[in-house]
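Along the sequence shown, residues carry numbers from 1. Ligands are counted one by one from 1 in listed order, and the atoms in each one are counted from 1 as well.
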Amino acid sequence: MSVNRLRIALQKSGKLSEGSIELLNKCSFKIKPAKNHYLIQSKEMNTDFLMIRDDDIPGFVDSNASDLGIVGENGYMEYALENPGNDLEIIARLQFAYCRLSLAAPEGSGIKQLADYNGKTIATSYPATLADYLNKNNINARIIQMHGSVELAPKIAVADAICDLVSTGATLKENGLLETHIILESEAVLIGRKSAGNELKAKAEELMFRINSVIDAKDSKYIMLHIDKDAVNKLKDILPGCESPTVLHLHGTDNKVAVHVVSKEGVFWDTIAKLKSIGASSILVVPIEKMM
Ligand code: ATP
Ligand code: MG
């Protein structure tokens, strides 16, 4: 299929969609999702966004219905294990939609060690990933596939335990479940085909250049402050990445200077307190949109 228009599959609505759209809009795509729009066209890089269920994204990319996709690593992994010989690859980790796939058992069930899962029934939406983990760890358990409300399975005596996505752990707690083992740590990933041609690979690289400049800028801040000339050297202990700051003369004073610096790590309230403790004043912390 021609790659004149780049096709990228995104989750239409759910826990991946907001982060995907925010990231791509920072890359200038201007995506405005609407209820019944399954195709959003952008002039930027001549792109068509296919707005679909997250479960369908790996299959769309693998079968060439889409060129790229943004999906949870857990969804990619499940598809890859279910479809050995697939053509998919992870192009980049995107640093949002962090969660983990974990085994959890009811409090008081006595299931704590991995071996305790032997002979038990486990409900999950990720049967292939769970089966792979159990096989590798020589655990013999029965797997029941559920497409939602997995956390209710032990309550209604459908399963002894569950294997489900966890972020804060609040849902597990509400349902009297204890997380015992993490099977997979997940975040949103950009996927593509290993066998993609050069034209498409070049487009993916262009997209990755944009995405990386947005991700790099995410935690970076541009900091401006006034400080005694003698204290400029102390700044690098407080601001990571401040090896060679821009130092500017301040009109009307000989001992104070203005310093401009990009800090690559988050600037928190304790960072400001430390800056003040070495005599910094007029401190401005400005977000950076892109870093190229
Ligand atoms: P769809 O209707 O598209 O099939 P869904 O209900 O299957 O949606 P969501 O609950 O929106 O899926 O989750 C999509 C993905 O978001 C998950 O596969 C996982 O990668 C990630 N995810 C799940 N829960 C969280 C969470 N609490 N925080 C962040 N990311 C999460
Ligand atoms: Mg889904």
* Within the side chain of Q41, is there an N or O that forms a donor-acceptor pair under 3.5 Å with the backbone of F49? -> no
* Nearest atoms (heavy-atom pairs only) where P33 meets I21 -> CG-CD1, 3.6 Å
* Quick one: do E22 and K26 make a salt bridge, cutoff under 4.0 Å? -> yes
* To do: Please work out whether any backbone atom (N, CA, C, O) or any side-chain heavy atom from C-beta onward of L165 is under 4.0 Å from ligand 1, and answer side chain, backbone, both or neither.
  => side chain
* Under-4.0 Å protein heavy-atom contact, atom 24 (N) of ligand 1 -> yes
* Pull out every atom of ligand 1 sitting under 4.0 Å from any heavy atom of D55, numbered as shown with elements. => 4 (O), 7 (O)
* Asked: Can you tell which of L10, V189, L16 gets a heavy atom nearest to atom 16 (O) of ligand 1?
  -> L16
* **ligand 1 contact by Y76, heavy-atom criterion under 4.0 angstrom** => no
* Looking only at distances, please establish whether an N/O atom of ligand 1 is found under 3.5 Å from an N/O atom of E73. => no
* **N/O donor-acceptor pair under 3.5 Å between D56 side chain and I52 backbone** => no
Which donor-acceptor pairs under 3.5 Å do the side chains of residues 140-161 make with protein atoms, sequence neighbours left out?
{"residue": "K155", "atom": "NZ", "partner": "N175", "partner atom": "OD1", "Å": "3.1"}
{"residue": "D160", "atom": "OD2", "partner": "T121", "partner atom": "N", "Å": "2.8"}

* With backbone taken as N, CA, C and O and side chain as the heavy atoms from C-beta onward, which portion of Q11 lies under 4.0 Å from ligand 1: side chain, backbone, both, or neither? -> side chain
